[in-house]
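What you are looking at is a predicted structure, and each value in this text was computed from that prediction instead of being measured.
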Amino acid sequence: MKTAKAIFAGAALTLLAASGATAQQGMTGTISKVDEASGKVAIQQTQGGTVGASSGAAPEEFKVQDGLLFNAIKPGDKVTFTVTDTGGVKTITKLEKQ
């Protein structure tokens, strides 16, 4: 019985580690809205996949980590960014114009 619990605990830790690694992948997109008052940026993510894939996904709003300069970005800018998800809040931790 202890062996089964140890195996389950190990599998759970592996799953958590794997999900944490994917939570910080770099993504690309286009800035669609900059809301400095609320500390958020909306980004239309670039769709990967095959030619002709639908790119109709709605822009997603992200909270901006302290220190990111709002005056350096504007709607229409193509960017690469990194997001972390903490407690259901997606926060941009790194943003670079392309």
Side-chain angles (χ1 to χ4, degrees):
M1 189 66 151
K2 287 184 182 181
T3 305
K5 287 182 183 178
I7 291 172
F8 179 72
L13 287 174
T14 303
L15 181 61
L16 286 173
S19 66
T22 58
Q24 293 188 8
Q25 285 184 345
M27 297 181 273
T28 59
T30 304
I31 302 282
S32 60
K33 180 178 159 189
V34 178
D35 188 353
E36 189 172 357
S38 68
K40 294 183 179 181
V41 173
I43 299 176
Q44 173 88 36
Q45 291 186 40
T46 303
Q47 298 293 317
T50 61
V51 175
S54 173
S55 60
E60 187 172 357
E61 279 198 354
F62 299 95
K63 184 176 170 155
V64 177
Q65 185 178 30
D66 294 337
L68 185 66
L69 301 174
F70 281 99
N71 60 357
I73 56 174
K74 64 184 183 311
D77 286 345
K78 294 192 182 302
V79 294
T80 0
F81 60 104
T82 304
V83 174
T84 58
D85 190 340
T86 308
V89 177
K90 293 182 180 181
T91 304
I92 295 176
T93 55
K94 182 179 179 182
L95 183 107
E96 294 178 358
K97 287 171 76 172
Q98 292 182 339

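Nearest heavy atom pair, residue K33 against residue E61, reads NZ-OE2, 3.5 Å. Of all non-hydrogen atoms in T93 and T84, the two that sit nearest each other are CG2-OG1, 3.6 Å. Residues F70 and E36 share a closest heavy-atom pair of CD1-CG, 3.5 Å. A pairwise comparison of heavy atoms in K74 and V34 identifies CA-CG2, 4.2 Å as the closest pair. For T91 against Q65, the heavy-atom pair with the smallest separation is CG2-N, 3.7 Å.
Side-chain atoms of I92 and I43, non-hydrogen and from C-beta on, do get closer than 4.5 Å to each other.
Atom CD of Q45 sits about 10.5 Å away from atom OG1 of T30, to the nearest 0.5 Å. To the nearest 0.5 Å, atoms OG1 (T82) and CG (L95) are separated by 9.0 Å. Here OG1 of T80 is found 5.5 Å from CD of E96. Values are rounded to the nearest 0.5 Å.
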Audit row: T28, K78, side-chain contact (heavy atoms from CB on, under 4.5 Å) steps and yes/no: CA-CA 7 Å; T28 59; K78 294 192 182 302; over 6 Å; no
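Side chain of S32 to backbone of A42: a donor-acceptor contact under 3.5 angstrom is found.
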